[in-house]
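A short worksheet on the structure shown next.
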Amino acid sequence: MGADVAGGFMAMSKAEQRGEQISLAFKEVEGKFLKRPEADVHFICRDGDLIDQMLDKTIATGERVNQEVSITAICPTLHGDEPMAEFKLTLSVKRKDC
C-alpha cells in the first residue's frame, strides 16, 4: 500500500498545485521484495518529471494517460538507501471535466 500512496500522492499533489482535478487509477502493479525490513520503511518515487509529462498530456488532450512509475522501499535506520523492495506501478491519469 505504501507504494500506491507514494506514486498516487505525487500525481494528485502535482495536479492540485496546477489547479487541476484528475482521475487516478493503478492499472498494473509489480513488486520485487529484496530484503525483510525490520524497522520503519520509506517509499520513494523519483518519477516526478515523468508524472509532470503525464499531467501535461492529459490536461492538453483530455485523454487518459498510462505510464509505468517506479517506487523504491528503503529502511533508512538500518540499511540506509539500500532497497528493501522495488515496485513498478502503471499509473493512469485523466483530467476531470468539471
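Every value quoted in this text rests on a predicted model; they were computed, and no experiment measured them. Sequence positions, counted from 1, serve as the residue numbers for this chain.
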In this structure, would F9 and I74 fall into the same cluster of hydrophobic residues linked by side-chain contacts under 4.5 Å? no
Looking at L55 and A11, what are the two nearest heavy atoms and their distance? CD1-O, 4.0 Å
Closest approach of L78 to A39 (non-hydrogen atoms, all atoms of both residues): CD1-CB, 3.8 Å
Run the side chain to side chain contact (heavy atoms under 4.5 Å, CB included) check on I51 and V69 step by step: do they pass? CA-CA 8 Å; I51 291 171; V69 297; 4.2 Å; yes
Answer yes if M10 and V41 sit in the same cluster of Ile, Leu, Val, Met, Phe, Trp and Tyr residues linked by side chain heavy atoms under 4.5 Å apart, and no otherwise. yes
Would you indicate whether E16, at its atom CD, is surrounded by more than 12 heavy atoms from other residues, nucleotides or ligands within a distance under 6.0 Å? no
Could you walk me through whether L91 and F26 satisfy the side chain to side chain contact (heavy atoms under 4.5 Å, CB included) test, starting with their C-alpha distance in whole Å, then the side-chain angles of each, then the deciding distance to 0.1 Å, before giving a yes or no? CA-CA 5 Å; L91 183 63; F26 295 102; 3.6 Å; yes
On a heavy-atom basis, which atom in L24 and which in G8 lie closest, and how many Å separate them? CD1-O, 3.8 Å
Euclidean distance, E20 CD relative to K14 NZ, rounded to 0.5 Å: 14.0 Å
Measure up the F33 and F87 rings against each other and bin them: parallel (under 30°), tilted (30 to 60°), perpendicular (over 60°). perpendicular
G62 and K94: which non-hydrogen atoms are nearest, and at how many Å? O-CE, 3.3 Å
Going by an N to O cut-off under 4.0 Å, is there a salt bridge joining R18 and D52? yes
Could you check M54, E63, K57 and say which one makes a side chain to side chain contact (heavy atoms under 4.5 Å, CB included) with V93? M54
Quick one: pull up CZ in R95 and OG1 in T58 and give me the separation to the nearest 0.5 Å. 6.5 Å
d(Q67 CD, S92 OG) to nearest 0.5 Å is 11.0 Å
When you measure from the side chain of T72 to the backbone N and O of I44, does any donor-acceptor pair fall under 3.5 Å? no
What are the two closest heavy atoms between A6 and C45, and how far apart are they? O-CB, 4.0 Å
One should read off an interatomic distance between D4 CG and I71 CD1, to the nearest 0.5 angstrom, of 8.5 Å
Quick one: does S23's side chain get under 4.5 Å of R64's, heavy atoms only? yes
Calculate, to the nearest 0.5 Å, the distance between atoms OG1 and NZ belonging to T90 and K27 respectively. 8.5 Å
Salt bridge check, E38 against R36: does any charged N sit closer than 4.0 Å to a carboxylate O? yes
So if you build clusters from Ile, Leu, Val, Met, Phe, Trp, Tyr with side-chain heavy-atom gaps below 4.5 Å, do V29 and F43 land together? yes
Please tell me whether M84 and L89 are part of a single hydrophobic cluster in this structure, the criterion being side-chain heavy atoms less than 4.5 Å apart. no
Heavy atoms of other groups near E68 CD, more than 12 under 6.0 Å: yes
